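Take a look at the structure below.
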Protein chains: 2
Amino acid sequence: MLSKSSKYAIKAVLFLALNSNDKKKVMVKDISEPINVPQAYIAKLLQELSRQNIISSSRGFKGGFYLSDNNRKQSIMSIVNVIDGEKNFNSCMLSLNECDEDKPCPLHKSLYPFKSSIIRNLESISIKDLALEVELGNAFLPL
Amino acid sequence: MLSKSSKYAIKAVLFLALNSNDKKKVMVKDISEPINVPQAYIAKLLQELSRQNIISSSRGFKGGFYLSDNNRKQSIMSIVNVIDGEKNFNSCMLSLNECDEDKPCPLHKSLYPFKSSIIRNLESISIKDLALEVELGNAFLPL
DNA sequence: TCTTAAATATGATTTTTATCATATTTTTGT
DNA sequence: ACAAAAATATGATAAAAATCATATTTAAGA
Ligand code: FES
Ligand code: FES
């Protein structure tokens, strides 16, 4: 479903959503521990997310990672796309090709509608939305 | 979602459902080509499925793989369980742990119901069911 | 301007998954 | 019994994903 890396990345971004802003930056070593991901590994993922403008960062003394208001509007899928690649979810459940509505594989009819809902959800849920669920106590961290 | 190996295995089993029975066995080299999977690789998967009694086989001259009537009643999930391992699907969308209803992760509420439907479908669809869809022209092979 | 603390770039290593190769065992037909 | 043809067992190699290590660049503060 989601790769280990994507899960890690989402957890890290959520952590930033809850614990950072333009004024308050967080450095990798203070992110890696609470989300239970090796520091060097999450660092690499965060760098990639920053390069793709999913999250923000500034380096040097007093630097760190953080989320701007704009960053928070991004969808969860945008994180996954950066880490796992765009076409990860479009692949057919049974083959290595893309899912083809006109020539569906045997599993398409019964499974694709649900998979499609998952995709649409990931696309429509913003980082801010998810963070709010945690703040409201409807969902739990850390993991 | 499904590993490459599981996809391969399902394709092979479907091929057997459509082209074999107790009287008509098929050997690996005649399975691998039509389903587009390397022979040595699918051989290994089929052996494992046979050992776990998902499919049937007999060796030696005139031997091969085939599906008995009982084999056909198995669910698609049983194939996946053998190849990818039982707990592959139970894992949380956001963590490495099992999905926990009482302490749901932030993605649980919006995604789990759909994932759950996919799981239930895989558990309820039999090999025979899937083969029928192909025979009726509702789904297409090869892939 | 210099030191320090941070991200960044790059690449090496390890682990897992996928793939390939081959010797052994079993069954059937002669 | 024997020869041939099949699955089976075992393990080696290759590719991809995950993890670790380290040198470089950048920014803040003294
Ligand atoms: S064609 Fe296979 S899932 Fe759509
Ligand atoms: S707890 Fe994460 S998907 Fe259920």
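Labels below follow one simple rule: chain letters A, B, ... track the order of the sequence lines, proteins then strands, and each chain is numbered from 1. All figures in this text were calculated on a predicted structure; none of them were measured in a lab.
Of all the residues in residues 5-26 of chain A, A/Val26 reach under 4.0 Å from DNA chain C with at least one non-hydrogen atom.
Considering only side-chain atoms of A/Phe61, the nucleotide from C/dA18, D/dC20, D/dA27 that sits closest is D/dA27. Closest approach to the B/Tyr41 side chain among D/dA9, C/dA7, C/dT19 is made by C/dT19 (side chain taken as heavy atoms from C-beta onward). When distances run from any side-chain atom of A/Met27 to the nucleotides D/dT19, C/dA18, C/dA7, the shortest one goes to C/dA7.
Look at B/Arg51 and you'll find a side-chain N or O under 4.0 angstrom from OP1 or OP2 of D/dA9. Look at A/Ser58 and you won't find any side-chain N or O under 4.0 angstrom from OP1 or OP2 of C/dA7. Note on A/Arg59: every side-chain N or O is 4.0 Å or more away from OP1 and OP2 of D/dT24. Close to C/dA7, at under 4.0 Å from its OP1 or OP2, lies no side-chain N or O of A/Ser50. OP1 or OP2 of C/dT19 has at least one side-chain nitrogen or oxygen of B/Lys4 nearer than 4.0 Å.
The aromatic rings of B/Phe114 and A/Phe114 are tilted relative to each other, their planes meeting at an angle between 30° and 60°.
Separating the CD atom of A/Gln39 from the P atom of D/dC20 is a distance of 11 Å, rounded to the nearest angstrom. Between the P atom of D/dA18 and the CD atom of A/Glu48 lies a distance of 14 Å, rounded to the nearest Å. Atom CG in B/Asn88 sits about 9 Å away from atom P in C/dT17, given to the nearest Å. The distance from atom CG of B/Leu49 to atom P of D/dA7 is 14 Å, rounded to the nearest whole Å. The CG atom of B/Leu96 sits 13 Å away from the C1' atom of D/dA17 (whole-angstrom rounding). In this structure, the CD1 atom of B/Ile42 is 10 Å from the P atom of C/dT19, given to the nearest Å. Between the C1' atom of D/dT26 and the CD atom of A/Gln47 lies a distance of 13 Å, rounded to the nearest Å. The CG-C1' distance, from A/Asn53 to C/dT8, rounds to 15 Å in whole Å.
Summarising the geometry, atom CG belonging to A/Asn97 is positioned 12.0 Å from atom CG belonging to A/Asn90; distances are rounded to the nearest 0.5 Å. Note that the CD atom of B/Gln74 and the CD1 atom of B/Ile79 stand 8.5 Å from one another [nearest 0.5 Å].
Side-chain atoms of A/Ser58 and A/Tyr66 form no donor-acceptor pair, as typed in the model, at a separation below 3.5 Å. With hydrogens and angles left out, the side-chain atoms of A/Asn121 and B/Ser110 include no donor and acceptor closer than 3.5 Å.
A distance-only check finds a donor-acceptor pair linking the side chain of B/Lys7 to the backbone of A/Cys92 [under 3.5 Å].
The pair A/Glu123-A/Arg120 fails the salt-bridge criterion, with no side-chain N (NZ, NE, NH1 or NH2) lying under 4.0 Å from an Asp/Glu carboxylate O.
Closest approach of A/Asn71 to A/Ser56, counting heavy atoms only: OD1-OG, 2.5 Å.
Comparing B/Leu46 and B/Lys62 along DNA chain D, the residue whose closest nucleotide (by nearest heavy atom) sits nearer the 5' end is B/Lys62. Nearest-nucleotide positions on DNA chain C place A/Phe65 closer to the 5' end than the other of A/Phe65 and A/Lys44.
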